[in-house]
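Here is the structure we will look at.
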Amino acid sequence: RLPALPDEAYFTLAPDWVCEVLSPSTMALDRTRKLAAYARERVPFAWLVDPTALTIEVLQLDAGRWVIVTACTGDS
């Protein structure tokens with residue numbers, strides 16, 4: 001929780017968690033450039049949700065690298 005609203009039009013504090021809802025047009029960007037940016041900013045957790053494949057991947061940042069903690073499908 002932020003103690004007060006910032007004066008800037010953007011946040012300078014990295015989030016504790018991000019969730020990307022994948023689409024065919026942005027999936028490559030989400031899995032490459034965005035995950036690299038989140039790692040650079042030390043965001044500890046990321047979820048990748050694919051509504052077409054009915055999957056979710058839970059990733060955790062470990063020593064600067066993303067590790068899959070779990071992956072679930074709509075069947076599980």
Side-chain angles (χ1 to χ4, degrees):
R1 186 171 136 173
L2 295 174
L5 289 176
D7 293 328
E8 299 88 5
Y10 54 88
F11 291 105
T12 57
L13 178 66
D16 294 328
W17 164 81
V18 293
C19 179
E20 291 289 345
V21 178
L22 305 175
S23 68
S25 63
T26 64
M27 188 179 302
L29 174 68
D30 295 336
R31 290 185 173 278
T32 57
R33 292 178 60 190
K34 283 188 175 182
L35 280 180
Y38 299 145
R40 182 185 67 240
E41 298 303 320
R42 298 183 181 147
V43 176
F45 296 97
W47 288 8
L48 300 178
V49 178
D50 187 334
T52 303
L54 299 177
T55 61
I56 181 170
E57 294 172 74
V58 177
L59 309 173
Q60 182 173 10
L61 194 62
D62 183 18
R65 299 184 64 141
W66 290 109
V67 175
I68 298 175
V69 175
T70 192
C72 302
T73 67
D75 298 340
S76 29

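The first residue of the sequence shown is numbered 1, and numbering continues consecutively from there. Worth knowing before you read on, the calculation uses all heavy atoms, side chains too, and leaves out hydrogens, waters and symmetry mates.
- A continuous path of ILVMFWY side-chain contacts below 4.5 Å connects Leu35 to Met27, so both sit in one hydrophobic cluster.
- In plain terms, the two heavy atoms of Ala39 and Gly64 that are nearest each other are CB-O, 4.3 Å.
- By the 4.5 Å heavy-atom criterion applied to side chains, Ile56 and Thr73 are not counted as neighbours.
- Pro44 pairs by the side chain to side chain contact (heavy atoms under 4.5 Å, CB included) definition with nothing, not counting sequence neighbours.
- Taking every heavy atom of both residues into account, Val18 and Val43 meet most closely at CG1-CG1, 4.1 Å.
- Shortest non-hydrogen contact noted between Asp30 and Glu20 is OD1-OE1, 3.6 Å.
- Asp50 is linked by a side chain to side chain donor-acceptor pair (under 3.5 Å) to nothing, counting only residues two or more places apart in sequence or in another chain.
- When hydrophobic clusters are built by joining Ile, Leu, Val, Met, Phe, Trp and Tyr residues whose side-chain heavy atoms come closer than 4.5 Å, directly or via intermediates, Ile68 is grouped together with Leu48.
- By the 4.5 Å heavy-atom criterion applied to side chains, Val49 and Leu22 are not counted as neighbours.
- Contacts classified as side chain to side chain donor-acceptor pair (under 3.5 Å) and involving residues 57-70 (residues at least two apart or in different chains) are given here: Arg31-Glu57.
- Listed by chain and number, the residues in a side chain to side chain donor-acceptor pair (under 3.5 Å) with Ser25 are Ser23 (sequence neighbours excluded).
- For the side chain to side chain donor-acceptor pair (under 3.5 Å) test, no residue two or more places apart in sequence or in another chain qualifies with Thr55.
- Residue pairs satisfying the ring pair (Phe, Tyr, Trp, His ring centres under 6.0 Å) criterion with at least one member in residues 15-52, sequence neighbours excluded, are listed as follows: Trp17-Trp47.
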